[in-house]
Amino acid sequence: QLQASGGGLVQAGGSLRLSCAASGRTFSNYAMGWFRRAPGKEREFVATISWGGSYTDYVDSVKGRFTIFRDNRENLVYLQMGSLKPEDTAVYYCASARGGSRSRATGEYVYWGRGTQVTVSS
């Protein structure tokens, strides 16, 4: 089970930190990812992190602005978002992968959280 939180309304240029709490399986064995769905658009990969946290990957549009990291002792994964833009407005979802390697592919993720809304005003 995955529970995302931390979304909200923020002005352009601001920051937010999303959190995702995991339960139900050994969190530290699996890669995690963040995805988002903007209004009228398909779900989009945002960031992924390997099981141990050593390897990450980001969609080009967020590189240098977002950071994914995890705390395997607390079963948490985070998405630190900075320099937010109106085009970052979306529902953000965390997901747990079938394996330990980072992945951009939605098909590699077997468990999904309910999502948290991020709205960036201009």
Side-chain angles (χ1 to χ4, degrees):
Q1 186 174 5
L2 299 172
Q3 182 65 52
S5 61
L9 174 64
V10 63
Q11 288 188 331
S15 299
L16 279 176
R17 176 179 290 185
L18 305 184
S19 301
C20 177
S23 63
R25 60 179 195 161
T26 306
F27 177 77
S28 59
N29 286 352
Y30 302 99
M32 297 292 294
W34 286 96
F35 294 77
R36 66 187 179 187
R37 178 173 283 158
K41 295 187 177 181
E42 294 187 354
R43 183 170 53 191
E44 173 190 36
F45 162 77
V46 177
T48 180
I49 187 167
S50 60
W51 65 274
S54 296
Y55 301 99
T56 58
D57 190 19
Y58 302 88
V59 67
D60 285 349
S61 61
V62 309
K63 283 181 180 177
R65 300 190 298 121
F66 291 11
T67 301
I68 186 172
F69 58 102
R70 65 192 295 164
D71 183 344
N72 283 348
R73 296 169 301 175
E74 299 294 333
N75 290 358
L76 290 164
V77 62
Y78 301 94
L79 186 67
Q80 178 69 45
M81 305 187 295
S83 301
L84 282 161
K85 305 175 181 180
E87 51 264 44
D88 295 317
T89 295
V91 177
Y92 282 72
Y93 301 88
C94 61
S96 181
R98 68 178 73 250
S101 299
R102 57 185 174 164
S103 175
R104 295 184 172 212
T106 57
E108 287 300 307
Y109 292 86
V110 293
Y111 297 103
W112 294 81
R114 295 177 67 88
T116 185
Q117 176 70 47
V118 172
T119 303
V120 184
S121 63
S122 57

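Just so it is clear, the model here is predicted, and its values are computed rather than measured.
Remark: Arg114 CZ is loosely packed, at most 12 non-hydrogen atoms of other residues, nucleotides or ligands lying under 6.0 Å away.
Between the OG atom in Ser122 and the CD atom in Glu87 there is a gap of 10.0 Å [rounded to 0.5 Å]. Atom CG in Asn75 sits 7.5 Å away from atom OG in Ser28 (nearest 0.5 Å). Going from atom CD of Gln3 over to atom SG of Cys94 covers 8.0 Å, rounded to the nearest 0.5 Å. Atom CG of Asp57 is separated from atom OG of Ser101 by 12.0 Å, given to the nearest 0.5 angstrom. Considering CD of Gln117 and CG of Leu9, their distance stands at 9.5 Å, rounded to 0.5 Å. To the nearest 0.5 Å, atoms CZ (Arg102) and CH2 (Trp51) are separated by 14.0 Å.
With hydrogens and angles ignored, the 3.5 Å screen pairs no side-chain donor or acceptor of Tyr92 with any backbone N or O of Ala4. At least one donor-acceptor pair under 3.5 Å links the side chain of Thr48 to the backbone N or O of Met32.
Looking at residues two or more places apart in sequence or on another chain, you find a side chain to side chain contact (heavy atoms under 4.5 Å, CB included) between Arg17 and Phe69, Tyr78, Gln80. The ring pair (Phe, Tyr, Trp, His ring centres under 6.0 Å) check on Phe35 picks up Phe45, Tyr109, Trp112, with sequence neighbours excluded.
With Phe27 as the aromatic partner, Arg70 meets the cation-pi criteria of under 6.0 angstrom to the ring centre and within 45 degrees of the ring axis.
Remark: of the listed residues Val118, Val91, Asp88, Asp88 is the sole one forming a side-chain contact (heavy atoms from CB on, under 4.5 Å) with Arg36. The side-chain contact (heavy atoms from CB on, under 4.5 Å) test with Phe66 singles out one residue from Val59, Thr56, Leu84, Leu18, and that residue is Leu84.
Hydrophobic clustering of Ile, Leu, Val, Met, Phe, Trp and Tyr side chains at less than 4.5 Å, counting indirect connections, keeps Leu16 apart from Leu76. Tyr30 and Ile49 sit in two unconnected hydrophobic clusters of ILVMFWY residues. Membership requires side-chain heavy atoms under 4.5 Å apart, directly or through other members.
Closest of all the heavy-atom pairs between Asn72 and Gly52 is ND2-CA, 4.2 Å. Between Arg25 and Arg98, the shortest heavy-atom distance links the atoms NH2-N, 4.4 Å. Nearest heavy atoms, Ser15 versus Ser83: OG-N, 4.5 Å. Contact between Leu2 and Ala95 at its shortest, heavy atoms only, is CD1-CA, 3.7 Å.
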*salt bridge (charged side-chain N to carboxylate O under 4.0 Å, His left out) between Lys63 and Asp60: does it pass, once the steps are laid out?*
CA-CA 5 Å; Lys63 283 181 180 177; Asp60 285 349; 3.1 Å; yes
